[in-house]
Undergrad: 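One structure, pasted below without further comment.
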Amino acid sequence: MTASRPDTPLLDTVDTPADLRKLKPEQLRQLSNELRAEMIDAVSTSGGHLGSGLGVVELTTAIHYVFNTPDDKLIFDVGHQCYPHKILTGRRDRIRTLRQGGGLSGFTKRSESEYDPFGAAHSSTSISAGLGFAMANKLNDKPGKAIAVIGDGAMSAGMAYEAMNNAEQAGNRLVVILNDNDMSIAPPVGGLSAYLARMVSSSEYLGLRSLASKVARKMGRRVWGGLEKAEEYARGMVTGGTMFEELGFYYVGPIDGHNLDHLVPVLENVRDSDQGPVLIHVVTTKGKGYKPAEESADKYHGVPKFDVVTGEKAKSKAGPPAYQNVFGETLAKLAETDKRICAITAAMPSGTGVDKFAKAHPERAFDVGIAEQHGVTFAAGLAAQGMRPFAAIYSTFLQRAYDQVVHDVAIQNLPVRFAIDRAGLVGADGSTHAGSFDITYLATLPNFVVMAAADEAELVHMTYTAAEYDDGPIAFRYPRGNGVGVELPETPKKLEIGKGRLVKEGTKVALLSLGTRLQEAMDAAEQLDAKGLSTSVADLRFVKPLDTDLIRKLMTTHDVVVTMEEGSIGGLGAHVLTMASDEGMTDGGLKIRTMRLPDLFQDQDDPQKQYAEAGLDAESIVNTVLSALRHNSAGVEEARA
């Protein structure tokens, strides 16, 4: 780093944490202010998670200043707050490509930088991962530390406590920083608590404590045990943290996470001590330093592009209602006449539409926090007692509760209703949030009914169908974003279980669609008709049970059958192929092709581009049909034009 002129922004002189560590402590405040301004400007042009990153600007600066990253491993939980970290670790020149095709991920990502030692996007994984790094260093006699930064919301997941319960053996190689940005845990933070935090983390205190413990041990087990408990609870009364002490952590805090004069000395004390593992409790303000974010109810958690000066968010074009709102409003209406209906969400009330239900029926709406496993088994208990629970959970998050889905719901054949949001590809959030696997992992289970909505009107019908189905577990999936603009039904209808619908009738090609690829199938059918290939289109609605009568009819009357779904291998296509194989329907020359998501994790991009890349657009459907019919190359090229 070259010497800078007085008017040169400090941030311009910092490309990596090694540059940062050359600054004087008194320069860190200026750097943090510049870092915050840079982040606000970047997110205003790209959109993304703003409030959480603003809340950890000083904390991120202090960690990189005190610890020797990347040799010391900094692991963020979830990753919403990692934008300042990316700016400080050599990615400032690309920070305005966040969440865009070919750009930076909105989360930490191992393939992106050596400063991202562990990828994140789901909650409550950081302590477990940090423990793994710390133990590897211990086993290999390496000095590096692991620093896990976890938010107070993530502490609602049992996984965090499972990790903490096993962390003691890592010793001082593990540091956990609890970022409390909701004041949900912390007692008042001020000068006294900051002084106490510095004192109990100091080498003098820890050295005296170590000496006293050695003397007490020599005096006998009873004396040592009594003194240890007395010291623990004395500190607990003035600083809090007794729960963490019981889990084997040395607790320090709470301290002001925006005061670098407090943060840096405490982090240095912890870095240099042989006490551990240590939990540092910092209190921050989500959206700190940007007034519109601080005053927003959600602290600007996730935002589109916005005006930096006014904070006004870019307005999306008016269009059809979002799928989650259609679900939430439909369920709320059904619950007016059915007192057994209740709704469960795992910390995503607005994202799943359960907020609409909760506003109308607060006593029957349950937000269990980031605890999908508990939420699913809680729903099973409600169902076993005669209620009609809807567990509204993102597809990617339901993966976390698969054992409960199998053991507590499917095996017992309990009528839990699973409203699976964010099915299929999700755009800017990329592979970590894509709902790629739920068809496969649910349709393989005995007793399950699995549906997929082709549009928002079908979602209304499926919500009502699920409410009325008491014979076992039932799931229906729908994508992120707005519907396709069909008129919503005034009165929902109860669908016949396992029955699809023939949307367009032809004679040569049959397209079997599951979910919102239906419109692409219709567009492809129009192109195929223009080529003289009369095409049928079916919306199967159900992947389990299959509409075997409809599929059998189409297979016996068409030359080519193509299935398509917004899910991975093992879903609709696999079930249709199994049926055809079991019934010997492929023996007569019938050509069957399956179209599904590719066997890879797709990075973030515009959803339409993602589906084109996945080969699930109308052009790809046409090409699949032409290839199956062995058309000449000119015909194939014509279809691609």
Side-chain angles (χ1 to χ4, degrees), residues 17-18 20-21 56 59-77 79 82 85 89 108 110 113-120 124-151 154-155 159-179 197-198 200-207 209-211 213-214 228 232 235 241 243-253 255 263-282:
L20 172 64
R21 290 190 279 271
V56 298
L59 179 61
T60 304
T61 300
I63 291 171
H64 280 300
Y65 185 72
V66 171
F67 290 95
N68 188 34
T69 54
D71 292 335
D72 291 327
K73 306 301 182 183
L74 174 55
I75 303 160
F76 285 102
D77 208 276
C82 71
H85 160 77
T89 54
T108 52
R110 279 174 55 83
S113 170
E114 64 176 334
Y115 291 95
D116 292 359
F118 200 78
S124 314
T125 63
S126 61
I127 304 177
S128 295
L131 178 58
F133 281 102
M135 285 304 302
N137 284 339
K138 182 178 180 179
L139 292 171
N140 290 289
D141 198 27
K142 292 182 178 179
K145 294 182 184 292
I147 306 101
V149 179
I150 183 168
M155 296 297 286
M159 183 177 179
Y161 297 96
E162 293 170 10
M164 293 178 73
N165 190 51
N166 285 278
E168 190 168 10
Q169 58 191 313
N172 69 339
R173 288 176 171 83
L174 178 64
V175 177
V176 173
I177 299 177
L178 172 58
N179 175 29
R198 289 197 300 272
V200 300
S201 65
S202 68
S203 58
E204 291 83 358
Y205 178 89
L206 292 171
R209 182 176 185 267
S210 177
L211 176 62
S213 69
K214 291 177 182 177
E228 184 183 43
E232 175 185 325
R235 280 195 299 113
M243 174 183 65
F244 302 116
E245 296 278 0
E246 291 293 330
L247 289 168
F249 277 78
Y250 184 80
Y251 174 88
V252 176
I255 59 175
L263 273 175
V264 171
V266 169
L267 291 175
E268 288 176 338
N269 286 340
V270 169
R271 177 197 63 193
D272 298 335
S273 78
D274 59 3
Q275 182 73 45
V278 177
L279 184 137
I280 306 172
H281 181 177
V282 303

Undergrad: Only counting residues at least two apart or in another chain, list the ones meeting ring pair (Phe, Tyr, Trp, His ring centres under 6.0 Å) with F67.
TA: none
Undergrad: How about P117 and L74: do any of their side-chain heavy atoms sit closer than 4.5 Å?
TA: no
Undergrad: Give me the atom names and distance for the closest heavy-atom approach of I150 to A160.
TA: CD1-CB, 4.0 Å
Undergrad: Residues two or more places apart in sequence or in another chain: which of them pass side chain to side chain donor-acceptor pair (under 3.5 Å) with T125?
TA: none
Undergrad: How about D116 and T108: does a side-chain donor come under 3.5 Å of a side-chain acceptor?
TA: no
Undergrad: Nearest 0.5 Å, please: how far is CD1 in I127 from CG in N165?
TA: 11.5 Å
Undergrad: Taking the side chain as every heavy atom from C-beta outward, state whether L20 and T61 have any pair of such atoms under 4.5 Å apart.
TA: yes
Undergrad: Can a donor-acceptor pair be found, under 3.5 Å and without considering hydrogens, that links the side chain of N179 to the backbone of V149?
TA: no
Undergrad: Ignoring hydrogens, what is the shortest heavy-atom contact between K145 and S273? Give both atom names and the distance.
TA: NZ-O, 4.3 Å
Undergrad: Would you say the side-chain atoms of E245 pair up with the backbone N or O of Y251, donor to acceptor, closer than 3.5 Å?
TA: yes
Undergrad: Would you confirm whether R21, through its side chain, and V66, through its main-chain N or O, come within 3.5 Å as a donor-acceptor pair?
TA: no
Undergrad: With D71, which residues qualify under side chain to side chain donor-acceptor pair (under 3.5 Å), at least two apart?
TA: N68
Undergrad: Minimum heavy-atom separation for L267 to A62, with atom names?
TA: CD1-CB, 3.6 Å
Undergrad: Would you check if P143 and N137 make a side-chain contact, meaning some heavy-atom pair closer than 4.5 Å?
TA: no
Undergrad: Check whether any side-chain heavy atom of S126 lies under 4.5 Å from a side-chain heavy atom of F76, and answer yes or no.
TA: no
Undergrad: Can you list the residues that meet the side chain to side chain contact (heavy atoms under 4.5 Å, CB included) rule with A134, with sequence neighbours excluded?
TA: A146, A170, R173, L174
Undergrad: Would you say N166's side chain and E162's backbone share a donor-acceptor pair under 3.5 angstrom?
TA: yes
Undergrad: Are P277 and Y250 close enough that some pair of their side-chain heavy atoms sits under 4.5 Å apart?
TA: no
Undergrad: Please report the interatomic distance OG1(T69) to CD(E114), rounded to the nearest 0.5 Å.
TA: 9.0 Å
Undergrad: With a 4.5 Å heavy-atom cut-off, do I147 and K73 have their side chains touching?
TA: no
Undergrad: Are I177 and I63 close enough that some pair of their side-chain heavy atoms sits under 4.5 Å apart?
TA: yes
Undergrad: Sequence neighbours excluded, which residues qualify as ring pair (Phe, Tyr, Trp, His ring centres under 6.0 Å) partners of H64?
TA: H85
Undergrad: Take M155 and Y161 through the test side chain to side chain contact (heavy atoms under 4.5 Å, CB included) and record every step on the way to the result.
TA: CA-CA 8 Å; M155 296 297 286; Y161 297 96; 3.7 Å; yes
Undergrad: Under the side chain to side chain contact (heavy atoms under 4.5 Å, CB included) test against F249, which residue among V278, L279, L178, I280 passes?
TA: L279
